[in-house]
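Here is the structure we will look at.
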Amino acid sequence: MNPMTSLGLRFVRRPGPGGRAANSAAFGATAIVALLITFLIAGTLGLTERNDRIGWRVSDDGDARTAVGVTRNVDDMVDGKPFQRLDLAVTDDQRNAELPPPPGLDHAPRPGEVFVSPALAKLWGPDLAKRYKTAQPTGTISSAGLSSPDELVAIRGLQPNAPGLQATNRPNYLETWHGTSTDQRIATLLAFVAFGIALVLFPVLSLVGQAAGVAAKRREHRLAALRLAGATRGQVLLLSAVEQAVLGFFGAVAGLIGYTVLSPLIARIPIGGGRWYVQDLTVSWWLVLLVLIVVPLLSVLSALIGLGRVSITPLGVVRGQTRKGITPLRLALLVVGPIILAVVGTGGAILVLVIGVGFGALAVRVVGPFAVQLIGRFLARTAKGPVALLAGRRLVDDPKAAFRPVAALVLSGFVTGFLALFMPYGINGDGKDASFDFYTSQASTSQVAQDAKTRLAGAGLKGQVTTGDQTVDIVVASNDREGVRTVLYDLVPGRVPLTDAEKDQHQAGLFLDMRLGVALLLGLVFVTGAASTAAGAVGTALDQAGPAKALRRSGVPLKVIERSSRLAAVVPVVGVGLPVVGFGACCGLLLSGGQVITQGNWGVLLLFGQVAVGLILVAVAGAAGAPVLRKASVG
């Protein structure tokens, strides 16, 4: 074994004073990174697997002359819950006999047959029996043909010339029963997942850097000593890479185990129309391999980048030379992302939007240390006591190290500010729920109205039927909504009686997904920020052990050192985080063309919640780092 490899493994086993706390913090942060990466990838793959099972229902890959069948999706209701009805007709019996049946079914439904999902089977009652003209469903759709265990769907077999399936109704023609088109709801979710990954990517990468640099100062001095003792630059970097790779690997293993344990709970998140099948979220062998390679690799790269100064000027590290100041050229990045978002707007391609948001988050990460440096100078010049002076000088001496622990938390401010003003709110709830509305042709309006009166009279119901320009409105004095719907079912062939509010309910599912997705996204960001801040507090305490020890020997009280440390942690969050919230809101406004797209007080609550969570995390992180600083500064 290479001597440096052996020495690196030894440093992992016996890390020395303060090393155990640093390694534990790095291990925990890496484990959370692995868990989040696995969750994001497995969730995206799970959505595509969902779509693979139901994509055939929206496929339109056939020609009317050669298609094996024809389908049409219809919005329906039962017990006040929206569900989908798929009308299906076989147009080529010979080809149908040769092809595999639709997913989840043992054969393509014949005219009069009705297959339902298990969730809809539980709601089957007299009303559905009358509408579909069968006392019980013909069969149950298996999990191979459902997007989730909660999905409400019925597949009804009809004749090819049935109402709604004729060419004038523009139905979908299928070449096979296994089409792969993307369902609109899942396609929208996948687009938002890509958008969310762009928002959460930089906080996660910041956490990776935090995990690698949690003991940067301690490692710098150790490796600088090896360089001065004769070790080459390559040997020093190899040693550091081995040490970080081992920590990253075991952190990745812990993250994968954590994700596997949490999978049953994650599967209960009702996004995309219902809960998940656990197998949709189960990690594949190649995903395990990917995480076990990528996470340690990112950790190693972050560590090597952070140790660049050691490999070049080991003597400078030992002497404690001040790092070069940060130039204001970084400010130029602040305009790139907003310009992209303002130009493309909400109608732009998702990839361009993701790039624009990515540049915005990158600007926060790059400009953050410069802002910390400015704040540190101001704090040091205006200090009235030792606490502010020590904190200010600490920020000025190494603004990158001061910003690193809170980078993820500050980036969460960008995400929150963006979402607070740019959040599609969906249905406004103004849809009328009093009458069934039918749109008809000019010639059939009177006939439909007369049929409605006849049906209501036959059922003993009193109602008011009015006609307009190609419309028929029906108001019935009855609390039995489903019973009235059953009486009026197929009043207009191929259409289900729905009120405006019920039509809104069918559209609301997507917006509920988006709101839940935002909550999940913020949860991921805050978990990342919490882990990064806690790990950073431990790393900062270890980094400051030497100066703190010297200050204590010179008579500075421990209380002053601890207060200055906490102030140095809070200042970047407050001084940089709050402007970043405004920067995120600015990006959201530019993307929406200056329009605040949110509803009620939701955005304001989000902003106040972000500030409260940020302050709590800083307080907790300060409490976590205090014992480490107290112990490390003794001697």
Below 4.0 angstrom, N of the basic side chain to O of the carboxylate: do [X] and [Y] qualify?
X	Y	answer
R156	E113	no
R95	E175	yes
D52	R50	no
D280	R53	yes
R131	D76	yes
E502	R485	yes

Are any non-hydrogen side-chain atoms of [X] and [Y] less than 4.5 angstrom apart?
X	Y	answer
L128	L120	yes
Y173	V68	no
P118	T140	yes
V465	D473	no
V288	Y259	no
L292	V253	yes
T471	T467	no
R57	T71	no

Which atom pair, heavy atoms only, marks the closest approach of [X] to [Y]?
X	Y	result
W177	A89	CH2-O, 4.4 Å
P101	H178	O-NE2, 2.8 Å
T176	G179	OG1-N, 3.8 Å
L498	H506	CD1-CD2, 4.4 Å
A252	V291	CB-O, 4.0 Å
A108	V90	CB-CG2, 3.9 Å

Do any N or O atoms from the side chain of [X] and from the backbone of [Y] form a donor-acceptor pair under 3.5 angstrom?
X	Y	result
Q450	S446	no
T282	V278	yes
S435	I474	no
D480	G483	yes
D127	V78	no
Q470	Y439	no
D92	Q94	yes
R85	V74	no
T91	A67	yes

Carefully, step by step, assess V153 and V116 under the rule side-chain contact (heavy atoms from CB on, under 4.5 Å). CA-CA 6 Å; V153 61; V116 299; over 6 Å; no
So, taking the atom named [atom1] in [X] and the one named [atom2] in [Y], what distance separates them when rounded to the nearest 0.5 Å?
X	Y	atom1	atom2	result
L158	D87	CG	CG	4.5 Å
T66	L174	OG1	CG	11.0 Å
D451	L456	CG	CG	11.0 Å
R72	Q166	CZ	CD	10.0 Å
N172	D60	CG	CG	4.5 Å
D490	K133	CG	NZ	6.5 Å

Would L281 and F39 satisfy side-chain contact (heavy atoms from CB on, under 4.5 Å), going step by step from the backbone distance to the final call? CA-CA 8 Å; L281 298 172; F39 172 74; over 6 Å; no
So L287 and L290, side-chain contact (heavy atoms from CB on, under 4.5 Å) or not? Walk me through it. CA-CA 5 Å; L287 179 54; L290 182 70; 4.3 Å; yes
Partner residues of D183 under the salt bridge (charged side-chain N to carboxylate O under 4.0 Å, His left out) criterion, sequence neighbours left out: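 By the salt bridge (charged side-chain N to carboxylate O under 4.0 Å, His left out) rule, D183 matches no residue at all.
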Verify the neighbour count for atom CG of D63: are there more than 12 heavy atoms of other residues, nucleotides or ligands below 6.0 Å? yes
Run the side-chain contact (heavy atoms from CB on, under 4.5 Å) test on L88 and V70 for me, step by step, so that the C-alpha distance in whole Å, both residues' side-chain angles and the decisive distance to 0.1 Å come before the verdict. CA-CA 6 Å; L88 180 151; V70 59; over 6 Å; no
So W124 and Y132, would you call those rings parallel, tilted or perpendicular, with 30° and 60° as cut-offs?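 Answer is tilted, since the angle falls between 30° and 60°.
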Are R268 and W276 in a cation-pi contact, defined as NZ or CZ under 6.0 Å from the six-membered ring centre and within 45° of the axis? no
Please confirm whether the ring centroid of H107 lies under 6.0 Å from the ring centroid of F115. yes
